[in-house]
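Okay, so here's the structure we're looking at.
Lettering follows sequence order; numbering is per chain, from 1.
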Amino acid sequence: MSVTHDSGRKKNHLDRQFDLIRRREEAGELSNPKGYRFARKFLSNRLAAFGLVVFTLIVLVSVLAPLLTPYNPRAIDLRNILKPPTWEHWFGTDKVGRDLFTRVLYGGQISILVGLGSALASAVVGVLVGCYTGYVGGWRDALAMRVSEIFMSFPQIILVLLLVAILGQSLSNLIIIFILTGWGGIYRLARARMLSLREEEYVQALRSFGLSTPIICYKHILPNALGPIMVNITLSTAAFILAEAGLSFLGLGVPLDIPTWGNILNVAQDLRILENNWWVWLPVGIVISLFVLSVNFIGDGLRDATDPTQQG
Amino acid sequence: MLAYVIRRILILIPMALVISFLVYLGLELTPGDAVSHMISPEMMASISAERLDALRESLGLEQPFFVRYWIWLQGMLQGNFGYSTAGGVSIHTILSDRLPATLELSAVALLFSTIFGCVLGVISALKRGSTTDNVLTVTGMLGVSVPEFFFGLVAILIFALKLQWLPVGGRLLPGYDSYWDHVPHVIMPALVLSIMMTAGVMRYARSSMLDALSKEYIKTARSKGLPEWRVNLLHGFRVALTPVIVLIGFRLPVLIGGSVIIEQVYQWPGVGSEFISAVRSQDYPLVMMIALLSVMAVLTASLLVDILTALIDPRVRLDK
Amino acid sequence: MDTIVETLLEGKAISAVGLLPNGPLKPEGLNAYKYDPDKARELLKEAGWDSSQELDMVYYYADQLTADMMAAFQAYLADVGIKMNYRLLEGDVAAQLNTVPEDPVNGPSAVKWNLGYGARAALALQEYYNGFATGSSAHTPGSPEMDKLIAGINATSDPAKLKTAYAAIQTYENEQLDTIPLYYQQLFIYESTRLNRNGHEYGNEQYNYDWGIVDWTVEPDADGKKVLYTNTAPAQFFEQPWLNLGIWIHNKVVFDHLLVADGSLTSFGPQLAESYNVSDDGMTVSFTLRDGLTWHDGSPLTVEDVAWSIKTAMMIPTVNPVVSNTIHSIEGADAYSDGSADDVSGIALDGNTITLTFATLDPNVLLSFSQFAPLPAKYFPDIDPLQIQQSSFWQKPIGSGPFMVSEVKMNDFTTMVPFPDYFGGVAKIDEIVAFPSGDGDGNLLKNAGAHKADYGFTKNTADVSALEGMDFMKVTPADIPYTRMMWINHYPMN
């Protein structure tokens, strides 16, 4: 890995040339060679590959929960409460005798839905608004910009708490709140791309051919911005999963009757559980951390793979 | 420059107005009001509706929305932040009680994260590709991946309850007269609060250091035969610091927001925990004031960062 | 319910039979309705229960235990074929819970839920039933029988008559089962081994009773100072003591009352009053203050202060309902509170004696005055009673009790030191240090684990087990009138 200074300079020079080539390349359709390069670069990053494996694994076991565990996440068993892990209950049981392994799997469904779902949805909102207003410009652009500025001038947790107070606590509200707090970043990204590309010759040309705005956006602008958008989605996913856990800690997250990672971990607030029943909080704490870590590794790998100027 | 700063400040005013109106409107739409939080539902069952209405009236809760907003706004313009509905305490008093605590916690966390982040980031960059670098990178990632309240609770379990080295929480005890008495109280929450930021600063410091090290003048300095450590420190580090300063500037308000949860974990009597209780008890004037304050902190910090960047790097022009 | 009590509640509660807590007023032979799923299924079948119908259950406690209990209820009901979903009420909880239908006999219901989980915590036992009178309940239509039985328990303060009246209403209610009693919540008083109450009794710690704090002693610390650590200090302001009568530490030690109750709040003796006298018909009550009483600032505590406090409390809604009922039963109270009279005709002052004449009989006069703390009138000149909590007095109140507020760091701690001129002698503890943590928040255990909690009380069963696990902590349960119950909305839905 150690690089001498000479070869470093050469590489920089080479990179610049590559960029030039790439920029020409990107003037056309998203071509296969670039896709390959991307995949190769991504997978050669060991951490990113590790992240992808862990991520896929956790998503799979959560989705396949009904096949993997015979228990119902809500079925209580008051005669078997707070039992340490056994062969029947891999992660032990909680304060009402529910199987914790099952709850972690089912909780994963909701938590991943909240995290990934909100991140994807806010990306969609951000891209749509950004592309559209960036393309048409004028008062719509100015309005969208002001609105995003308003949302982005709050520290995130303050805004989330305010919105929880205003909208009330429910699963769907939480997703809406995350979308509201998360769309701004991607919107700005998409808009900036749109603004710079709008003036590019080939876009002008496409327009003169009579191609409609959505098609131009979809076919030519989106692929260009895909890298940063994907990085942004991964970062948002990580942030939202952590936010869900934090809100549960404050008692302002998803209602307690729905198992989520945050709600399961939340019982660690009870010092007695924290001291005596490690299996109630440690496995789910590790799963959350591992999942967020894997998402962060993926995001990092994506960043490196899509941004050739990044060093390291 | 001056004109730019003035313009930026002038933009803040309509922003603040719009935000305050939206927040006020939003809170208006929530069901229930401060009165419904003052008295427990069990007791409320035995209190007559007329008496509750009288109480609402005395708190000004029965007036139409616009009137209340206007009264609030007028108060603000005259520098009167209003009164908390829960106990009628002046918000000015509440904030001047709580703000020092939050600032203290944030400042210490900022200090920790800057020192650890820069040092670790620079080490990581200088030893690029080594095991140390890899371990630091993965640890940094881990730092941003673990829920911070979880860190906090486990730290309490270990350091306060098992080892009994540090107090479980709180900020002051009777008989404290010097600032040094606070130290045992602030260490644990500040360290936990700084974990996420340390990871961020470390990352930035590493990549800007790498960036700087590849610059021509560093190589010139090296070719002049300066000792390696002087090259690294004097030139690389100084240049690398610019983006780090920017990052820290942007982080400041996030820190204030981020301390909400940590303050709750450690019973730290700051603005964050006050905000939570105000949200819970629908104490609108207090919620408004803290939200606005945090918005102002974000906007001011971003302005400062812009100015600072321009001062450090004259190539950045402010009048875009 | 027995299983739930044993497991979820860790044995720290008592399964309920009837709404009224166990005690001398409970008649024999009430049906406990033991858990019998087979019978339940049979009855449901007989009644033709539509198993596709989903019941909507609401609750308003945001703690983990309640959520767990809801999960248990859901599972138990599902077992017999009843679908139930539960939700936490938010916002204006009282309105969503307590709104009475316009037609209190036939409905339709003014609330949206089918089942409600909640509690009745009573200072006076009448509170358990008064809410079932026609036109007072959001879930149970009134009936002439019930109204008559309710009138029965409110019409007398004679113990024998009360016992008969309570037996009648409990038997009736046990048969009707309009509301399902679940369990009696206990209160747990914890004290560290550093503290010695020197033989004084334990009682209902949520209210004020004769606990003898003046005689309590604490092991001195390294500097020889005897400091008692506790919780329930204010976070933002000292709540005025008429609402949550004995919850906050300042309610307990900074303010004294005319009378003092025993631990079960049933018999009374003098406190600020040197003597008191109740007329045979119970309609006239007089209190004579001790000579030379002073407030913490040294100024004299007079019957004028007491009269001012009573009159002010008439005007404000944030007064405990039992106390409020007592003072509104005073002759002329209504005219005074609606503004048509300048003074209360039923309050007469004579030297050191205040005499109250009642317009309607109130069975709880002595109880109320064992909880109602007089305030120093001179600190509230020209105050709008509704704004009383807004007074700067509540940043550092002046009281009449054995301890006076010394140092206040809102949200950090409050210290209280003995009042040197206290009529009952100077307290033996040098200082009380209180932290702003309340009943059921996680900080209690943290503070206790760090030896920063010498005395306090909690209703949180999980905390109790944890406190019992600390070898330096002693926990004493106290039976209190506090029943958890499930309301059934009998009104038709709209």
Side-chain angles (χ1 to χ4, degrees), chain A residues 71-83 93-100 102-103 106-107 161 163-174 247-260 262-277 280-281, chain C residues 1-11 35 56-59 61-79 83-93 96 440-450 453 460-470:
Chain A
Y71 299 101
N72 176 331
R74 293 176 190 218
I76 61 162
D77 179 1
L78 292 183
R79 291 291 163 204
N80 271 310
I81 63 172
L82 291 174
K83 291 279 182 273
T93 61
D94 70 2
K95 273 170 86 179
V96 279
R98 292 175 294 206
D99 179 58
L100 276 161
T102 308
R103 284 179 70 75
Y106 281 92
L161 287 174
L163 289 173
V164 169
I166 293 169
L167 295 177
Q169 254 176 293
S170 80
L171 183 59
S172 51
N173 282 350
L174 195 65
L247 284 177
S248 299
F249 172 79
L250 298 175
L252 295 165
V254 177
L256 284 175
D257 58 318
I258 302 173
T260 68
N263 281 346
I264 302 170
L265 183 58
N266 184 20
V267 296
Q269 275 191 78
D270 182 341
L271 278 196
R272 204 164 36 123
I273 298 265
L274 192 69
E275 276 194 82
N276 305 324
N277 311 102
V280 177
W281 50 268
Chain C
M1 201 60 227
D2 290 338
T3 312
I4 292 182
V5 166
E6 244 173 73
T7 56
L8 284 183
L9 297 165
E10 307 176 41
Y35 180 59
D56 173 32
M57 173 131 173
V58 296
Y59 65 103
Y61 304 97
D63 58 292
Q64 187 67 40
L65 174 65
T66 309
D68 291 343
M69 202 161 327
M70 289 296 133
F73 292 157
Q74 190 181 44
Y76 278 123
L77 286 172
D79 188 39
K83 273 192 203 162
M84 180 274 270
N85 284 315
Y86 52 92
R87 63 188 165 97
L88 176 68
L89 288 178
E90 291 171 47
D92 196 345
V93 173
Q96 296 173 69
D441 76 15
N443 297 328
L444 165 58
L445 289 187
K446 289 184 210 155
N447 290 339
N460 185 315
T461 52
D463 284 358
V464 175
S465 303
L467 289 167
E468 282 173 345
M470 299 177 186

Q | Portion of A:Asn276 that has a non-hydrogen atom of chain C nearer than 4.5 angstrom | A | neither

**Q.** C:Asn447 side chain vs C:Ala453 backbone, donor-acceptor pair below 3.5 Å
**A.** no

Q) Among C:Met69, C:Arg87, C:Glu10, which residue forms the greatest number of heavy-atom pairs with chain A at distances under 4.5 Å? A) C:Glu10

Q.
Using a 3.5 Å distance criterion without hydrogens, assess whether the side chain of C:Asn460 forms a donor-acceptor pair with backbone atoms of C:Asp463.
A. yes

**Q.** Side chain, backbone, both or neither of C:Ser465 within contact of chain A (heavy atoms, under 4.5 Å)
**A.** both

Q | C:Asn85 versus chain A, the contacting section by heavy-atom distance below 4.5 Å | A | neither

Q: Answer with side chain, backbone, both or neither: which region of A:Glu275 has an atom nearer than 4.5 Å to a non-hydrogen atom of chain C?
A: neither

**Q.** Exam field: side chain A:Trp281 to backbone A:Leu274, donor-acceptor pair closer than 3.5 Å
**A.** yes

Q: Name all residues meeting the ring-ring contact (aromatic ring centres under 6.0 Å, His included) criterion together with A:Tyr106; count only those two or more places apart in sequence or in a different chain, and write none if there are none.
A: none

Q) Does A:Thr93 reach the main-chain N or O of A:Leu82 with its side chain, forming a donor-acceptor pair under 3.5 Å? A) yes

Q: Keeping the roles fixed (side chain from A:Asp99, backbone from A:Asn72), state whether a donor-acceptor pair exists under 3.5 Å.
A: no

Q: Can you tell which part of C:Ala72 gets under 4.5 Å to a heavy atom of chain A, answering side chain, backbone, both or neither?
A: both

Q. Relative to chain A, which segment of C:Ile4 carries a heavy atom at a distance below 4.5 Å: side chain, backbone, both, or neither?
A. both

